[in-house]
Every structure is written in C-alpha cells, then in structure tokens.
Amino acid sequence: MRHGRADGFAPGVRFWGSVVSKLSVVDLFVGCGGGSIGFARAGFHVAGAVEIEPRAAESYALNTGVMPLVADIRQVSAADLELGGDLTLLFGCPPCQSFTELRRGSALRTVQDEVRDSLPSEYLRLVAELRPRHLAFENVPGMVTGRGALELRRLVVGLEALGYAVVYDVLDAADFGVPQHRRRLLLMGSRCHGSSTAACPTHAPGEPVGLLPYQTVRSAIGNLRPVASGQADSLDSMHKARNHSELVIRRLEAVPEGGARMDLPKDLQLACHRDHRGHYDIYGRMWWDRPAPTLTSGCTNPTRGRFAHPTQNRGLTIREAALLQSFPMATRLAGGIEAMSLQVGNAVPPLLAERIGDEVAAAERRARASRASAVAS
C-alpha cells in the first residue's frame, strides 16, 4: 500500500497481512477500517484503501498505521492506487443511506442521495479498471427489494459483462460469528474458471449441528467494567458513557432487560409516544444472551433505538459498540462521541470481512489445485 505511513499514528496491534502474501485486496469506502482488519486477519495484504471522510481516515490510520487515500471515489482511478501486480480481491461497501429500508416511503431526495446512488457504478468502473480475480460488494438489503434494486441489477449485468460469475444474497452477520443481527446484501463474484464464490455461514441460533452457536451481547461485552452515565473506565477512554439527563436515567431505570419504551409508566412516556405506533425500540435495552440488534450511527444513544446496556442505566459506550461490531479490543477511533458513533455504526464488521476473505482464499487454493492438476495431466 503506497499511501504512506501515517506519521504520529501507530497500530495498537499488528493486523496487516504480510506484503509478501500472494493474496491482495483493495478496500474502498474503508471508514475506520473494519474491512481491512478482517481481510488482514484472513491473510490478505491490503494493497490500497480509499476513504473520503478525513476523520474516518484518521481512525483507519490509528488502527492500521497506514493513511488511506483520502479522496472522492468518483475521482479515483486505478493509476491512483499504484498497484504492483495482479489483484486478488476488490471490496466495496459504499454509503447506503439512500437505499436503506429505514427510509422506505420517503419522497424527499437530496443531491447527496443522488451521489450515493451513483457509487455502485463507480465500483463497477474500478472493477473494469483493476480486473481483480474476485470481488465482494456489501450493502443494505434495500438494494434487493427497495429503491436500490435497479442499481443492483445494473451492477450485476455490468459485472457479468466483464466475465464475472456473480452470486448475491441477504445475509445476517450473526451467522458469521458477529455478536449482532445485521442483515446485509453480500454480492460476490469471480472470474476464475467461471466459478462464483459465496460466503458460508459458520454460526446459527440454539445448538446447531455442524455450526457454532450465535455470539451474544454477554460474550462480547460482559467482562467490561461497569461505568455510569457520563463516566469512563480509567483504563480505557473509549469505554465512556454519554452523560444522560436525569429524566433519561429515570426512564432507563424503569425498563427491564429486553424492554423498551412500551414498558415505561405513563408519567415517564413522551407525549408524542403515548398514541404512537412504531419506534418500539426507543429506550430499549439489549438482551444479555442474544446477539445485539443492528447498530447504527445512533448506537450510543438510547433515545435512538435499542442501544441501552442490558442492566446498567445508560447507553452503550463506544468500546461496547465496537466490540459488538467485532472490532478487536485494541481498536482506537478519532473524534468526539458523535463522530465515533457514526464510524462504528457505519463500519463493516471485521469478522464478516474475515469470513469473506477466507472464502476467497479457499477459492484461490482451489484454482491453484485445478491448474496444477491440468499441468500434471
């Protein structure tokens, strides 16, 4: 990766794949680095990374020791990435707000929405320029059945025209060991011997045969030290709770594990909620022994969803949110609470990226074995 050392930053733990690895990945829309961390764990050398938001790029550098190319993907070409040799995998997870099911029914569209809608075509352009052997594209389920369906179809047709065998499905990150239910579209493609590559689940609920049981909120954050509203763990500045008002704390005190705003007594309910149907997860507590619900940019604020600690009277800390996204304990983030919440909520879970990398690595081994067999015969 040739974007240079990020002076002043140092990785807490070495996650990077060896530069001599035969497996390479270019990671687009990298955010704070979840995808790159996962691919490195799967044995990939991260050969290039692009991120438009400077604060997220700063966090990426904190976690990898390398500053990504800070640029608008629409202005980035293959030449800017300065790759040396063939590319194994191109990964992209463009911002998805305009396709999300959370905005279903909204007729209001902005210039920013139009830009986001164009990002799948920018990913396709870079596939054509870079010609990776494999590709992976992750996004919201709304690209399958919602307003993004046309863009998904265009992407699939374009990839197939370039010679890629493509498969896609809506998957749950919990099925891959992430302690969080996070339904995402995962599209994978390959131009190796015309065979496609798909990620295979490793976990399932209950006591599954042949798979591992789901990871839970307890398994992810149960060993962290308790902190109160507005307080931080003296040994970990990211394990700090928002400073909630007395009224918010009183509401949380009235909500049991797994409960939410419907459990509040009438005198603690918001007037706008008393006859309102919907938004049932507001002031919601997570369950200890289930995966967390989907984390969003509001993941540390219990007024934004089911983001309260299972038993402590506060919202999640940034450290807890990061662990529920499967980030390693050594992860560091730049910015204030809002910026860090946004970075965590928008991140690709590292463990999901690692599973994708494992599947691509397995496909590469099969391709090499096939070539060796053909030569021998």
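All residue numbers in this chain count up from 1 along the given sequence. Every value quoted in this text rests on a predicted model; they were computed, and no experiment measured them.
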Walk me through whether Arg55 and Gln343 qualify under side-chain contact (heavy atoms from CB on, under 4.5 Å).
CA-CA 9 Å; Arg55 187 51 59 85; Gln343 291 169 43; 3.6 Å; yes

Which value, rounded to the nearest 0.5 Å, describes the distance between Asn139 atom CG and Leu187 atom CG?
10.5 Å

Does the Gln180 side chain pair with the main chain of Leu324, one donor and one acceptor, at a distance under 3.5 Å?
yes

Does Met329 have more than 12 heavy atoms from other residues, nucleotides or ligands lying within 6.0 Å of its CE?
yes

Provide the closest heavy-atom pair for Asp27 versus Gly35 in the form atom of the first, atom of the second, distance.
OD2-C, 3.6 Å

Same cluster for Val360 and Val348 if Ile/Leu/Val/Met/Phe/Trp/Tyr side chains link at under 4.5 Å?
yes

Going from CD on Glu320 to CE on Met238, what distance comes out if it is rounded to the nearest 0.5 angstrom?
11.0 Å

Around atom CZ of Arg218, are there more than 12 heavy atoms from other residues, nucleotides or ligands closer than 6.0 Å?
yes

State plainly whether one hydrophobic cluster holds both Met188 and Phe44, where clusters connect Ile, Leu, Val, Met, Phe, Trp and Tyr through side-chain heavy atoms under 4.5 angstrom apart.
yes

Under the criterion side-chain contact (heavy atoms from CB on, under 4.5 Å), I'd like the reasoning laid out for Glu129 against Ser77: C-alpha separation, chi angles, the key distance, then a yes or no.
CA-CA 8 Å; Glu129 291 184 21; Ser77 69; 3.7 Å; yes

Closer than 3.5 angstrom, by distance alone: can the side chain of Glu51 be matched with the main-chain N or O of Gly31 as a donor-acceptor pair?
yes

Does CG belonging to Asp86 count more than 12 external heavy atoms closer than 6.0 Å?
no

Is Ser190 reaching over with its side chain to a backbone N or O of His134, donor-acceptor style, under 3.5 angstrom?
no

Check the pair Tyr214, His181 against ring-ring contact (aromatic ring centres under 6.0 Å, His included), reporting the backbone distance first and the verdict last.
CA-CA 10 Å; Tyr214 275 164; His181 285 300; 5.5 Å; yes

Would you name the heavy atoms of Leu62 and Leu333 that are closest together and state the gap between them?
CD1-C, 3.9 Å

Determine whether Val217 and Trp287 make a side-chain contact, defined as any pair of heavy atoms from C-beta on separated by less than 4.5 Å.
no

Are Leu155 and Tyr164 grouped together when hydrophobic residues (ILVMFWY) are joined by side-chain heavy atoms under 4.5 angstrom apart?
yes

Assess the side chains of Ser341 and Thr300: does a donor N or O sit below 3.5 Å from an acceptor N or O?
yes

Check Leu268 against Ala254 and note the closest heavy-atom contact, atom names and distance.
CD1-CB, 4.2 Å

Rounded to the nearest 0.5 Å, what separates atom CZ in Phe39 from atom OG in Ser24?
11.5 Å

Is the backbone N or O of Arg131 less than 3.5 Å from a side-chain atom of Arg191, with the two atoms forming a donor-acceptor pair by type?
yes

Assess whether side-chain contact (heavy atoms from CB on, under 4.5 Å) is satisfied between Asn63 and Arg332, documenting all intermediate values.
CA-CA 6 Å; Asn63 293 308; Arg332 292 179 291 164; 4.3 Å; yes

Do Arg306 side-chain atoms and Ala260 backbone N/O form a donor-acceptor pair below 3.5 Å?
no

Less than 4.5 Å apart, any side-chain heavy atom of Leu69 and any of Asp80?
yes

Test side-chain contact (heavy atoms from CB on, under 4.5 Å) applied to Ile52 and Ile73, step by step:
CA-CA 7 Å; Ile52 191 173; Ile73 200 72; over 6 Å; no

Ala347 and Arg182 have their tightest heavy-atom pair at O-NH2, 3.6 Å

How many angstroms lie between atom CG of Leu224 and atom NE2 of His239, to the nearest 0.5 angstrom?
4.5 Å

I'd like to know if Val178 and Leu211 are part of one continuous hydrophobic network [Ile/Leu/Val/Met/Phe/Trp/Tyr, side-chain heavy atoms within less than 4.5 Å].
no

Does Asp236 reach the side chain of Thr317, with side-chain heavy atoms less than 4.5 Å apart?
no

Do Ile318 and Arg242 have side-chain heavy atoms sitting under 4.5 Å apart?
no

Taking all atoms of both residues into account, what is the closest heavy-atom pair of Phe29 and Gly92, and its distance?
CD1-CA, 4.2 Å

Are Glu364 and Arg133 close enough that some pair of their side-chain heavy atoms sits under 4.5 Å apart?
yes

May I ask you to decide if Leu171's main-chain N or O and Asp169's side chain share a donor-acceptor pair within less than 3.5 Å?
no

Short question: side chain of Tyr168, backbone of Phe137 - any donor-acceptor pair under 3.5 Å?
no

CD/Glu246: more than 12 non-hydrogen atoms of other groups inside 6.0 Å
no

So, does Arg285 use its side chain to make a donor-acceptor pair with the main chain of Val255 at under 3.5 Å?
yes

Less than 4.5 Å apart, any side-chain heavy atom of Tyr283 and any of Val248?
yes

Any side-chain to backbone donor/acceptor pair from Arg314 onto Ala308? Under 3.5 Å, distance only.
no

So, the side chain of Thr64 versus the backbone of Tyr60: is there a donor-acceptor pair under 3.5 Å, distance only?
yes

Side-chain touch Thr216/Trp288, heavy atoms, less than 4.5 angstrom:
no

Could you grab the distance from atom CG of Leu28 to atom CD of Glu122, nearest 0.5 Å is fine?
10.5 Å

In terms of hydrophobic clustering (I, L, V, M, F, W, Y; side-chain heavy atoms under 4.5 Å; direct or indirect links), are Val227 and Phe307 co-clustered?
no

To the nearest 0.5 Å, what is the distance between CD on Glu58 and SG on Cys32?
12.0 Å

So, do Gln325 and Leu295 sit near enough that their side-chain heavy atoms are less than 4.5 Å apart?
yes

Which pair of heavy atoms, one from Ala174 and one from His203, lies closest together, and at what distance?
O-CB, 3.5 Å

